[in-house]
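Take this structure, written in structure tokens, and hold onto it; I'll ask about it next.
Both counts, for ligands and for their atoms, begin at 1 and track the order of listing. Sequential numbering from 1 along the given sequence is applied to the chain's residues.
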Amino acid sequence: MRMPDLIAIEEKTFYGIAVSPGIAIAPLHVIASDTAIAPDAYHIPDDRINTEQQRFGKAVHITKKQLHELEKRIRTISGEDEARIFEAHQMVLDDNSLINKVINAIGKRNLNAEYAFFAVMQNFLEAMRRVPDPYLAERTVDLEDVCQRVINNFDRHHTETSAISPDEHHIIVSHDLTPSDTAMIDRNRVLGFATELGSINSHTAILARSLGIPAIVNLGDALIRLKTLSLCILDGYAGKLIVNPTEETVAHYKKLQSEKAAIRLQLEAKKDKKSVTLDGTDLILSANIEFNHELEAASASGAQGIGLYRTEFFLLNGDDIPDEEEQTAAYIEAVKASAPHQVIFRTLDAGGDKLPAEPLDEPEPNPFLGWRGIRVSLDRPEMFRQQLRAILRASAYGKIGIMFPFISGVAEVRASIEHIEACKAELLLEGIPIGNEIEIGAMIEIPSAALIAHHIAKEVDFFSIGTNDLVQYTLAVDRVNSHVASLYNPSHPSVLELMRITLLASQKHGIWTGVCGEMAGDIYMIPVLIGMGVQELSVGTHQVPLIREAIRSLKKSDCEDLLKEIESATTSEEVTQLTRSFAQEKYPHLLDT
Ligand code: PEP
Ligand code: MG
């Protein structure tokens, strides 16, 4: 096992993957938000190793005593079977290999006892979670329970306190962050975040870009080497986390920060300029949002409406899915705030790496290939219609689009449209007004849908290409798995070919096509999309000013020439080389902003 360096007071740089540009300078707050029980992690000096090992022994002893008492009590109240659960819990703590691993982690790696125990338990748990076996899933819950209990039983006398004041600016470093954690980040206090896990197209990274929070993922086992309150610099351009920076480093980054801020201000000042190419092709540049509270920023950025409202974040955020009235109110608010532009509501896209629509009996072995997107809605017609009715009711207040996620074929589109028609008829009978500017769209994010885009085009008014998933499903690369992050290649010729097929089908059938995946906000890929004839780009709010300027710096005819060259490229590397030198030539000042 590798020995971590002791927490350094000298400057130290940790490297990860840059997923959201920007620079943040603030104290660190080390947390492990993926679990409520995660203790603070810190290093101990050699002369405290014995004390820490004894603290661990004591916590285990107390826990075993508690469990023994519980076992006895439960046996009298509920019987033998229930009591056995607590017997099994005690056996976990009798496992010598576990105890030795923790003792070693304290002694050899100078870890504080709580974190040493927690880290060892997490290794066991992660190994168990990887096996899709219902028996092991139950054992996982037992282990989590024991883990929580032992951590609660540590004597806190020796624990270092490392609290961060609630209203202080800080940078979060954690093992992982869920998309919901990220969406809830208080932008006024959290200046940046870094995680040990993660990949560039996880929803966590997407949200960071959208919110304009500098972020790094895939830092490896950095957590244990960091300490809350240490000053640090997060460089979201280069993917670096610099802890305890020297005065020189701070001065360098402060200068860089103000240069970038000045460029950003210049771009933001052009919010009322059209997103039109130099040779006169108008594009719609809209924003992706997850919650209504983002509407104000979207409109302030000059976005022409909402091209992707990821309704699942709003719908699955609380204990229950909001009812029709609550949904209607939220959707009306979105439509009114975006008028005269359109709001495209994507119906619930639960599952995959997002929350499930309802608790599942067993975890899905392959969530990304499982009960996700439109499949869930079609299986739960009541829930689906509740959402459709609410969206239709909002259409009385302005232009809307309804689009379906995770479409794999024509049958799903037809079935979904039937639900819309049924809801319209119901509302009509009930005398509830609906608008007449309603477009229906299909997301093209599964290769099967792209390949039969010419059939789907006959059923809908528009396509929105979800490149995040299209890349994942075309290349068979899990978009959130850091082990295969280097294989996640949006510029792979196969992805571009599927997009080209989609565009050709939409042009032939006279419908429009937009892109709402992250490719739409990728400064290097914009020329490719314009060259293909994409008519709408929907990007994270924070990216709107930059993408508008990129569009305004290009000629469509040049983009078409670039596309011709790209069509004969055989690898992602060749495509990347072409797009990089094109961007370098057309707008060097916009790169790395
Ligand atoms: C996509 O897949 O590109 C997309 C926009 O949808 P999401 O990222 O929410 O899956
Ligand atoms: Mg998607």
Any non-hydrogen atom of K354 lying under 4.0 Å from ligand 1?
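Yes, that is the case, since the closest heavy atom of the residue is under 4.0 Å from the ligand.
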
Can you tell me if Q472 has a non-hydrogen atom under 4.0 Å from ligand 1?
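Under 4.0 Å: no for Q472.
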
Would you mind listing which atoms of ligand 1 come within a distance below 4.0 Å of any non-hydrogen atom of G466?
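In order of number, 1 (C), 2 (O), 3 (O).
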
In D469, the N, O or S atom nearest to the Mg ion (ligand 2) is which?
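It is OD2, the N, O or S atom of D469 closest to the Mg ion (ligand 2).
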
Check each heavy atom of R346 against ligand 1 and say whether those closer than 4.0 Å belong to the side chain, the backbone, both or neither.
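Only the side chain of R346 comes within reach of ligand 1.
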
Please work out whether the ring planes of Y473 and F406 are parallel, tilted or perpendicular, with thresholds of 30° and 60°.
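Rings of Y473 and F406: tilted, as their planes differ by 30° to 60°.
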
State plainly whether the residues E560 and K564 are in salt-bridge range, i.e. N to O under 4.0 Å.
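No, this pair does not count.
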
R380/E358 salt bridge by N-O under 4.0 Å criterion:
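Yes.
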
Taking the N/O/S atoms of E445 one by one, which is nearest to the Mg ion (ligand 2)?
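So the atom name we want here is OE1.
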
Do R346 and E312 meet the salt-bridge criterion of a basic N to acidic O distance under 4.0 Å?
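Between R346 and E312 there is a salt bridge, with a charged N closer than 4.0 Å to a carboxylate O.
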
Is ligand 1 under 4.0 Å from a heavy atom in the side chain of L308, in the backbone, in both, or in neither?
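Side chain only; the backbone of L308 stays clear of ligand 1.
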
E497/R500 ion pair, N-O < 4.0 Å:
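Judged by the 4.0 Å cut-off on N to carboxylate O distance, E497 and R500 do form a salt bridge.
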
Decide, yes or no, whether a salt bridge links K273 with E549 under the criterion of side-chain N to carboxylate O below 4.0 Å.
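Here K273 does not pair with E549 in a salt bridge, since their nearest N and O are not under 4.0 Å apart.
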
Heavy atoms from other residues, nucleotides or ligands near CD of Q577 exceed 12 (cutoff 6.0 Å)
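Check fails, neighbour count at 12 or below.
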
What is the nearest protein non-hydrogen atom to atom 7 (P) of ligand 1, stated with its residue, atom name and distance?
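It is H203 NE2, 3.3 Å.
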
Would you say ligand 1 has an N or O under 3.5 Å from any N or O of E312?
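No: no nitrogen or oxygen of E312 is under 3.5 Å from one in ligand 1.
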
Report the part of R479 (side chain from C-beta onward, or backbone N, CA, C, O) that has a heavy atom under 4.0 Å from ligand 1; answer both or neither where that applies.
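The side chain, only.
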
Within 45 degrees of the ring normal and closer than 6.0 Å to the centroid, is that where the cationic atom of K336 sits relative to Y331?
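That pair does not qualify as a cation-pi contact.
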
Which ligand 1 atoms does R372 reach within 4.0 Å, using its non-hydrogen atoms?
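That gives atoms 10 (O) of ligand 1.
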
With atom 5 (C) of ligand 1 as the reference point, say which of R310, E445, E518 has the nearest heavy atom.
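Closest candidate by heavy-atom distance is R310.
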
